[in-house]
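One structure is given below, encoded as structure tokens.
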There are 2 protein chains.
Amino acid sequence: MPHTTAPMSLKSLARELGISAATVSRVLSGQAERHRISIATRDRVLGAARASGLVVDQLARSLRLRRTQSIGLLIPDISNPFFAQLARQIERRARHHGYSVLIADSEEDADVEAAAMTLMLSRRVDGLIVAPVGTPATDNPLRSLGGRPCVLVDRLLEQPSLPAVTSDHRHGAELATQHLIARGHRRIGCVEGSPGTFANDARIAGWRAAMASAGLAAGDDLVAGTGYSVDAGVAAARTLLRRAERPTAVLALGNVLALGVLQAAREERIIVPDDLSLVAFDDQLWAAVTSPALTIVEQPIEALGREVVDLLLERIAAPLDDPPARRILPVRLIERESVRDLGAGRVVPAPPAQRTPDPPAPAHGRAGAR
Amino acid sequence: MPHTTAPMSLKSLARELGISAATVSRVLSGQAERHRISIATRDRVLGAARASGLVVDQLARSLRLRRTQSIGLLIPDISNPFFAQLARQIERRARHHGYSVLIADSEEDADVEAAAMTLMLSRRVDGLIVAPVGTPATDNPLRSLGGRPCVLVDRLLEQPSLPAVTSDHRHGAELATQHLIARGHRRIGCVEGSPGTFANDARIAGWRAAMASAGLAAGDDLVAGTGYSVDAGVAAARTLLRRAERPTAVLALGNVLALGVLQAAREERIIVPDDLSLVAFDDQLWAAVTSPALTIVEQPIEALGREVVDLLLERIAAPLDDPPARRILPVRLIERESVRDLGAGRVVPAPPAQRTPDPPAPAHGRAGAR
DNA sequence: TTGAATTGCGCAAACGATTGTGCAACTCTG
DNA sequence: CAGAGTTGCACAATCGTTTGCGCAATTCAA
């Protein structure tokens, strides 16, 4: 029978029962045995607590215990599907361990990030999971968390050496590039996200490595991009596609960027994959129904969430475990229809475009529905 | 100069300065004037606070103030792009007003929802924003929040009469249906999400109304669907597409469902929009690059977030404002390429096969050649 | 019958902030 | 120079829990 009006507290329950708050507290926290509370008293407390719908105040509890049973999550853009899914996995795993999650969106802005982090620390989160915007300034809270553990996710940082969990961005890019090279592509461009962030730069490095070991040029004229938005993707793709020597393939270092590439290609009347092959990062539900269905480097989002939470919780339980562990999770390539096989080693220059209707592509790989 | 080791508190700062915590508190909260703290003391406090990187403990503050400056957000699936965007807007607006957001994902499960809500209440959120899973049981916390305000979003509820903000789901469905009817469609199906949830049912009602006022049948044989997932969408679309009298158009009551429809159509070798027109709900970045680009009923997500936060904060500031306001925000139709014009008023029957009442599962849909 | 052991629980001090009240030490005023 | 007014801050209670310590009352042993 819920009292709609009663902001019942442990204290008031104790008063009603004519016993001390201490006893109620001990009963409710299962310490009845250890403190030799009589069975009778215990049952009376339990019964009354249930009947009144008592929920103990976590605020007061946290204050006393110096532990909030909550963690902070700092994400650059929660509306980016990759981070949305990651956030979901993290929240789910944390809940599984009895932790709540305080989420903030840094909007890829270092100041917002710093402010949000300070706020979370002032709310006494037990630990922090951060996908950092970039290398933090010296007065950034990331550098002096109040002794509370912090684990990075998706993006590593050199400067403050913190434990981290990411997927193997570099290898993902290598895989994608090798895939294209094996299908005869020689000029392969990159539409990048935010230069300077770890995931982005690692992917660029992977691309460069693969190109180099195939003896191919990987100059700056093959890279463009200024951020993880569709518009930035469109602009970058346009730049690349208008180069004198147009790439026959591009890597889009993010699924939102792939949308930009697709859109730019439409505008320029360039057919994917006939005139331009495309490999994108981060699988999404819709990646199988774009035209064409996208070949994708998939990150293990669920594993990322699980690992990062577990790692943080380990640190919370036993701090000061000095060597900041780094877990790099494997990625895999999902082949769909956005890559054209140019045949053995031949570079086929793109023909002057002319719009052909979209072929009724048959369904292929299923989007990663978890 | 950040003390990496100092968990500085207002209290300890006061001790260091040789003054009382009361004074420090008053200075830090800008009450120096009102309490006639001398300029000298004020500056000494401010300086020391800045130098030591002091952040006041919000836990203790909240306990004393009986106000946490935080709100809870309960979402059925944060990885659904619609809710992810909504969450972002809500978090952003709340932050703008100085509130933090505690997010939980109910996974469309009433028990998880109830547990999460209880947890949030025990963490003393000042208010709650909920997209409810369904009509809550009598012992659901939604029915007896501890006197704290709660605003629903996206989904209304009849039972506990709470203020709410949604978009005009019903009118959106009417718009979409009228759009199709105006283009000559007569058999228009619905792929629904979770029957019983408000948004879903309102859309169905809108569809029925539009069909009825055009004198068209809107029977249950034109509706299918069991949830907001791609797989559910595929299954529902398959059911519809295999009916003896196949619809010439379908409404997908959610963007993820549209992906399912697209996929099912591929499998059945039915070309969109040539053989089947499609209108979906909730615009997404990728909706413009699917094949074909999707005609969409768009919800004003930013406005939804803004309104729901503002409404909640009003309630927090001045509770007991009895009439539970409901704000219904307008939607609009974005025309793209997934609807075919069948010509003025001509009823183009789907392949006029033999009239079989509800065949459970005919072998395979005809190859939609025409 | 008495001292020791056991049982069952309450007292009170934290945790770290906020705030109404009080009280010295000045500064005026006449 | 005495009383009144002002200035500048400290005291202590409070928010709701948790927990070390202690103390009555009962039971037991001798």
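Just so it is clear: chains get the letters A, B, ... in the order the sequence lines come, proteins before strands, and each one is counted from 1. No hydrogens, no waters, no symmetry mates; every other heavy atom, side chains included, goes into these values. These figures come from a predicted structure and were not determined experimentally.
In this structure, S62(B) does not reach the dC15(D) phosphate: none of its side-chain N or O atoms is under 4.0 Å from OP1 or OP2.
Following rounding to the nearest Å, L17(B) (CG) and dG8(D) (C1') show an atom-to-atom distance of 15 Å. Atom C1' of nucleotide dT14(D) and atom CG of L59(A) are separated by 14 Å, given to the nearest angstrom. What separates CD1 of I19(A) from C1' of dT17(D) is a distance of 15 Å, to the nearest Å. Atom CZ in R66(B) sits about 14 Å away from atom C1' in dA17(C), given to the nearest Å.
Nearest to the side-chain atoms of A60(B) among the listed nucleotides dT18(C), dG8(C), dG16(C) stands dG16(C). When each of dG16(D), dG16(C), dT18(C) is scored by its nearest atom to the side-chain atoms of R124(A), the top-ranked nucleotide is dG16(C). Picking from dG16(D), dC9(D), dT19(C) the nucleotide with the shortest atom distance to the side chain of I37(B) gives dC9(D).
Rounded to 10°, the angle separating the first-five-pair axis and the last-five-pair axis of the helix from dT1(C)-dA30(D) to dG30(C)-dC1(D) equals 60°.
The stretch residues 23-36 of chain B touches DNA chain C through S25(B), R26(B), each having a heavy atom within less than 4.0 Å of the strand.
Looking at heavy-atom distances under 4.0 Å, T41(A) makes contact with sugar-phosphate atoms alone, never a base. Residue contacts shown for S20(B) include a base, since a base heavy atom lies under 4.0 Å away.
In this structure a side-chain-to-backbone donor-acceptor pair under 3.5 Å is present from S52(B) to A48(B). At distances below 3.5 Å, not a single donor-acceptor pair connects side-chain atoms of D77(B) with backbone N or O atoms of E107(B). Judged purely by atom type and a 3.5 angstrom limit, T166(B) has no side-chain atom pairing as donor or acceptor with the backbone of I328(B). A distance-only check finds a donor-acceptor pair linking the side chain of S62(A) to the backbone of Q58(A) [under 3.5 Å].
Taking for each of I39(A) and D57(B) the nucleotide of DNA chain C with the nearest heavy atom, the 5'-most of the two is the partner of I39(A).
For the atom pair CD1 (I103(B)) and CZ (F83(B)), the distance works out to 12.5 Å, reported to the nearest 0.5 Å.
Contact of R64(B) with dT14(D) (side chain to base): a donor-acceptor pair of N or O atoms is detected under 3.5 Å.
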